[in-house]
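Below: one structure, written as structure tokens.
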Amino acid sequence: MKSKKVNQIKKIYKKLYMFYGPQGWWPLMDCKNKGSNPTKKGSFMGYHPNNYDLPKTREQVYEVIVGTILTQNTSWTSAEKALLNLNELGAIKPEKLLKLDDDTLKKAIKPAGFMNQKAIYLREISRFFIDLKGKFPKRDELMAVRGVGNETADSILLYAYKQPKFVIDTYTKRIFAHLKLVDENIGYMELKELFESNLPGDVAVYQEYHALIVEHAKRYYRRKPYGVDDPLKNL
DNA sequence: AACCAGGACGTGA
DNA sequence: TCACGTCATGGT
């Protein structure tokens, strides 16, 4: 599936990295670089640019997973509030989260929206996580968990387990369709494979690229008309 | 005051 | 398979 778009995909990555630098995803509540990224205004959680060893502990892996659920169709600043509420309850551990009664759980995650759905999703993924017993999940296993779709599965694999899975989100499709590099009706898996086949299978690159796309989209593709003054048009 | 947010799921054609 | 409505809260 390689084509002349190969150059574009790599070229755009280099451009974005030049523009914004390393993004340090996935943010964690407690890490040594906490609060060190001034470009992430409104967020006080720990992005960790140039550190690709995180998450390290079992709890940090779980924290990333919880975050992927909470941020579904929700801004990170909102998801973050929910995450901190859970932390106050000592519930950034699957066993603890499962012990919360329904009202407590929903109240904690309320700022992230969709509290009824996400309460169920969090319980489901928590049981799944415990049953893993420290092993790595496979993509199809994750997809079988209620509340885990394509993007969440790839986010968990890439950011929690450091697997080379490219994460596609609405921004990705929006930007690349607007630049006329892909059809606007391209499917998730098709677009994902386009990126994966045209990039080296480097986890750090995958992590940065997706984060850079989100950062770029927030500046130029948040609202219609999309892509006004997008510097990527000057290749 | 609409519109959007680091989506997933259920439904009906 | 696929388009479409639904889910909830918070920020711009």
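These numbers were taken from a predicted model, which means no experiment stands behind them. To find a chain, count down the sequence lines: A is the first, B the second, and so on, and within it residues start at 1.
- Here, B/dC4 and C/dG5 have their P atoms 15 Å apart, quoted to the whole Å.
- Separation of the C1' atoms belonging to B/dC3 and C/dA8 is 15 Å when rounded to the nearest angstrom.
- Of the two residues contacting DNA chain B, namely A/G147 and A/W26, the nearest-nucleotide position lying further toward the 5' end is that of A/W26.
- Ion pair A/D154/A/R139 flagged as a salt bridge, since at least one NZ, NE, NH1 or NH2 atom sits closer than 4.0 Å to an Asp/Glu carboxylate oxygen.
- Between A/Y161 and A/F136, the ring planes are tilted. Angles from 30° to 60° get that label.
- Side chains of A/K165 and A/S155: no donor on one and acceptor on the other come within 3.5 Å.
- Under the 3.5 Å distance criterion, with hydrogens and angles disregarded, a donor-acceptor pair is assigned to the side chains of A/S78 and A/S75.
- Of all heavy-atom pairs spanning A/D230 and A/H216, the tightest one is OD1-NE2, 2.7 Å.
- Taking the nucleotide of DNA chain B with the nearest heavy atom to each of A/R222 and A/Y121, the more 5' of the two is matched to A/R222.
- Each of A/S75 and A/K118 has a nearest nucleotide on DNA chain C; the 5'-most of these lies closest to A/K118.
- Here, C/dG11 and B/dA8 have their C1' atoms 23 Å apart, quoted to the whole Å.
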How does each nucleotide of nucleotides 1-6 of chain C score, in 5' to 3' order, for protein heavy atoms under 4.0 Å: base (B), sugar-phosphate only (S), or none (-)?
-> ------
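- At a threshold of 4.0 Å, the pair A/R219-A/D229 does not count as salt-bridged, since none of the basic side-chain nitrogens sits closer than that to a carboxylate oxygen.
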